[in-house]
Amino acid sequence: MRFIVAKITTRDKDYSQWYIDIVLNAKLADYAPVRGCMVIRPNGYAIWEKMQQALDGMFKETGHTNAYFPLFIPESFMTKEAEHVEGFSPECAVVTHGGGKELDEKLYVRPTSETIIWSMYKKWIQSYRDLPLLYNQWANVVRWEMRTRLFLRTTEFLWQEGHTAHETYEDAEAEAMRMIHVYQRFAEDYMAVPVIVGKKSDAEKFAGAVHTYCIEAMMQDNKALQAGTSHYLGQNFARAFDVTYQDRTGQQQFVYATSWGVSTRLVGALIMSHSDDQGLVVPPKLAPTHVVIIPIFRTDEEKQQVCDAAFTLKKEISAAGFRVDVDDRDQYKPGWKFNEYEMLGVPLRIEIGPRDLASGVCTIARRDTGEKTTLPLTEAAGKTGGLLDSIQNGLLEKAKKRLQEHLFVTDSYDQLVDIVTKEKGFAKSHWCGSPVCEAKVKDQTKATIRCIPFDEPEEAGSCVVCGGASSKRVIFSKAY
RNA sequence: CGGGGUGUAGCGCAGCCUGGUUAGCGCGCCUGCCUUGGGAGCAGGAGGUCCCGAGUUCGAAUCUCGGCACCCCGACCA
């Protein structure tokens, strides 16, 4: 008899509560004593570490190196770039005292590191021979948000920020474009999250950027989540921090810049993309544990035999290159463990009991579909890789299908309002490019232009709001 | 900052209106027995500044006043 203990709210009943229940019950994070802050627990941090490993490898492949810049930024740095300070100062934490004395100059806790990094780039860049400079840092940042949500928006969060300096507009532009595609590849290949890649409208771009590229994902409630951004900063920060170089003709030029980042928000994106009412679902490439083996036994003698088989299998699976655990605790019954590992999102579960052992088999259950199959014990390790691949692909395909099914092309304003306000999905409509039309949609529906997709074909059309000329459709949606 | 709500065991709550034995229930936790193929059962046990402060009273979780914290909804954002 299948008996489900209702530990988590169903998605159907209350999607946000479901999300919170998953985070807490899968032990990914917990609320910290400080408002808006969270503790990332080992289960959650392990996923972040897997993300870091994959991304860091991709950054190294594209020629980037890691460095670390200070947490504290002098107030005078923050105010140097006009748009930047306007965008960030309302959400900054500021240190006014240190060592028991009031500071001569206040220190901002970094909300992002452009300013302090460019103050250093000024020292390090003199010639075109010093370029490009391709640095990345893994760090924490603080943004004093009004409303916070575990992983999606917390006062302090972990991220990676790339900051590059280039000779020409073309080089910097190519870098911004290259990195947004790295993020796309990471989202799809590792997270199994399909994304729409595009450009932000001016209203949505980063404070201080010339333009911003982004990847937008669709969560299971059909709302959008910005999963990564890449900014072409032009010469804005070079001018603010007077960073010039001598070019190939001997002239002094301002340096062209980019910055790009993804954060622990990705863990939230991962949860809301794949998990179900039983708990967390993690794609194998990011799963801290690939396989959990659950021995089933009554007597001590049975325990001995079954555990022998379980640990032998563990060795084989481990030797095949997968992360595997045996849970031989006897204070919990197998049924309890089944539910527990489904909550934790382990992709594959192998059950070995006396009956299996008698016929030399084991039972494998996959987390994504719940499907159980019986396999000869000798074949289990060999089949693990194929099953994990199948889960990884299955999750991506399922997410792609969901995205396609909730992406609506419309030329009617009423339909657009209907789609975004009833949270049916993304609306793809023509937009004339005017901030006024964009603001009208936002005021009336709370939905924003998520991005102007790269792969959207040019076509003559009229703005869904004002009827003015438009050459391309954009994505409207409510967002996290 | 506006509107609403909640503070009682690790978690979720009841008790408060109508003050009065030792503050209770479910889950979890500990010990033992028994069980183990989808969250078993029984017995025993540990665990409390009833958010804080002042007041009323013989007596306050309960009534009064003041404070604090957190949550939800709206205005800002990766």
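Lettering of chains follows the sequences in order, A, B, ..., and the numbering in each one begins at 1. These values consider heavy atoms only, across backbone and side chains, with no hydrogens, waters or symmetry-generated copies.
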In Watson-Crick or G-U wobble terms, with both distances under 3.5 Å, the base opposite B/rG74 is B/rC1
5'-most contact on RNA chain B (nearest-nucleotide basis), A/M343 vs A/T264, goes to A/M343
Under 4.0 Å between any heavy atoms, over every strand shown, what does A/T154 touch: base, sugar-phosphate, or nothing? Just pick one.
base
Looking at A/H274, A/Q184, A/M218, which one forms a side-chain contact (heavy atoms from CB on, under 4.5 Å) with A/V193?
A/H274
Protein N or O to nucleotides 2-9 of chain B N or O, pairs below 3.5 Å:
none

Integer angstrom distance from the C1' of B/rG5 to that of B/rG32
45 Å
To the nearest Å, how far apart are A/W336 CH2 and B/rG39 P?
13 Å
Between B/rA78 (C1') and A/K205 (NZ): distance, integer Å
16 Å
Passing option when A/K205 is tested against A/H231, A/H211, A/E83 for side chain to side chain donor-acceptor pair (under 3.5 Å)
A/E83
Using purine N1 to pyrimidine N3 plus N6-O4 or O6-N4 for Watson-Crick, or N1-O2 and O6-N3 for G-U wobble, both under 3.5 Å, which nucleotide pairs with B/rA43?
B/rU31
Over how many whole Å does the gap from A/E156 atom CD to B/rA78 atom C1' extend?
14 Å
Whole-Å gap separating C1' (B/rG28) and CG (A/N25)
13 Å
Between P of B/rG39 and CD of A/E351, the distance in whole Å:
12 Å
With heavy atoms under 4.0 Å as the rule, sort A/Y480 into base, sugar-phosphate or nothing.
nothing
So what does A/L225 hit on the nucleic acid, given a heavy-atom distance under 4.0 Å: a base, only sugar-phosphate, or nothing?
nothing
Is a donor-acceptor pair below 3.5 Å formed from side chain A/K372 to base B/rG37, judging by atom type as modelled?
no
Mind checking A/T229 for me? I need base, sugar-phosphate or nothing, with any heavy atom below 4.0 Å counting as a touch.
nothing
Could you check how far NZ of A/K223 sits from P of B/rA78, rounded to whole Å?
15 Å
For the P atoms, the ones on B/rU35 and on B/rA46, what distance do you get once it is rounded to whole angstrom?
28 Å
From the candidates B/rG38, B/rC76, B/rA40, the one with an atom nearest any side-chain atom of A/K333 is B/rA40
A/E145 near the nucleic acid: base, sugar-phosphate alone, or nothing, with a heavy-atom cut-off under 4.0 Å?
base
Would A/R367 and A/E342 satisfy salt bridge (Lys or Arg N to Asp or Glu O under 4.0 Å), going step by step from the backbone distance to the final call?
CA-CA 7 Å; A/R367 177 63 183 88; A/E342 279 165 14; 5.7 Å; no
Under 4.0 angstrom, heavy atoms only, what part of the nucleic acid is A/D330 near: base, sugar-phosphate, or nothing?
nothing
Calculate, to the nearest 0.5 Å, the distance between atoms CD and OG belonging to A/E175 and A/S259 respectively.
10.5 Å
When both hydrogen-bonding distances must be under 3.5 Å and the geometry is Watson-Crick or G-U wobble, what is B/rA9 paired with, if anything?
none
Whole-angstrom distance between B/rC16 and B/rG10, as gauged at atom P:
23 Å
Answer yes or no: is there an ion pair linking A/R329 with A/E340, defined by an N-O contact shorter than 4.0 Å?
no
Roughly how far, to the nearest 0.5 Å, is the CG atom of A/L286 from the CE atom of A/M191?
7.0 Å
Which part of the nucleic acid does A/T363 contact within heavy-atom distance under 4.0 Å: base, sugar-phosphate only, or nothing?
base
In whole Å, measure the gap between the P atoms of B/rG41 and B/rC1 for me.
50 Å
What's the CD-P distance between A/Q331 and B/rG28, to the nearest Å?
13 Å
For B/rG20, which nucleotide in any strand shown is its Watson-Crick or wobble partner with both distances under 3.5 Å?
B/rC58
Could you label the plane-to-plane angle of the A/F157 and A/W159 rings as parallel, tilted or perpendicular, counting under 30° as parallel and over 60° as perpendicular?
perpendicular
Would you mind telling me which of B/rA78, B/rG37, B/rC29 lies closest to the side-chain atoms of A/Y332?
B/rC29
Whole-Å C1' distance, B/rC29 and B/rC72:
31 Å
A/Q278 CD to A/M343 CE distance, which is reported to the nearest 0.5 Å:
8.5 Å
On the nucleotide B/rU36, are OP1 or OP2 found under 4.0 Å from the side-chain N or O atoms that A/R298 carries?
yes
Would you give the length of the straight line joining atom OG of A/S273 to atom CG of A/L396, rounded to the nearest 0.5 angstrom?
10.5 Å
Hey, which of these two, A/R355 or A/P90, hits RNA chain B nearer its 5' end, going by closest nucleotide?
A/R355
Measure from the side-chain heavy atoms of A/N339 and tell me the nearest of B/rG39, B/rA75, B/rG37.
B/rG39
Can you tell me which nucleotide in B/rG37, B/rG38, B/rA75 comes closest to the side chain of A/P334?
B/rG37
Please round to the nearest 0.5 Å and tell me the distance separating atom CG of A/L407 and atom CD1 of A/I475.
5.0 Å
For the rings on A/H64 and A/W260, is their centre-to-centre separation under 6.0 Å?
yes
P gap between B/rC65 and B/rA75, integer Å:
34 Å
Go through A/E351 and A/K372 one step at a time and tell me if the salt bridge (Lys or Arg N to Asp or Glu O under 4.0 Å) criterion holds.
CA-CA 10 Å; A/E351 306 163 16; A/K372 279 192 187 190; 3.1 Å; yes
If I take atom CG in residue A/D327 and atom P in nucleotide B/rG38, what distance separates them, rounded to the nearest angstrom?
16 Å
Distance check, rounded to the nearest 0.5 Å: A/M272 atom CE versus A/Q220 atom CD?
9.0 Å
Would you tabulate the pairs of protein nitrogen or oxygen atoms and nucleotide nitrogen or oxygen atoms of nucleotides 69-73 of chain B closer than 3.5 angstrom?
unit_1 : atom_1 : unit_2 : atom_2 : d
B/rC73 : OP1    : A/R147 : NH2    : 3.0
B/rC73 : OP2    : A/R147 : NE     : 3.2
B/rC73 : OP2    : A/R147 : NH1    : 3.3
B/rC73 : OP2    : A/R147 : NH2    : 2.2

Can you tell me which nucleotide in B/rA75, B/rG37, B/rG39 comes closest to the side chain of A/E340?
B/rG39
Write down the distance separating the P atoms in B/rC25 and B/rC42, rounded off to the nearest Å.
15 Å
Does A/K446 place a side-chain N or O at less than 4.0 Å from the phosphate oxygens OP1/OP2 of B/rA75?
yes
Quantified in whole Å, what is the C1' atom distance between nucleotide B/rU8 and nucleotide B/rG48?
8 Å
Between B/rA75, B/rU36, B/rA78, spot the one nearest the side chain of A/F297, thanks.
B/rU36
Looking at A/R349 and B/rG38, is any side-chain donor or acceptor paired with a base atom of the opposite kind under 3.5 Å?
yes
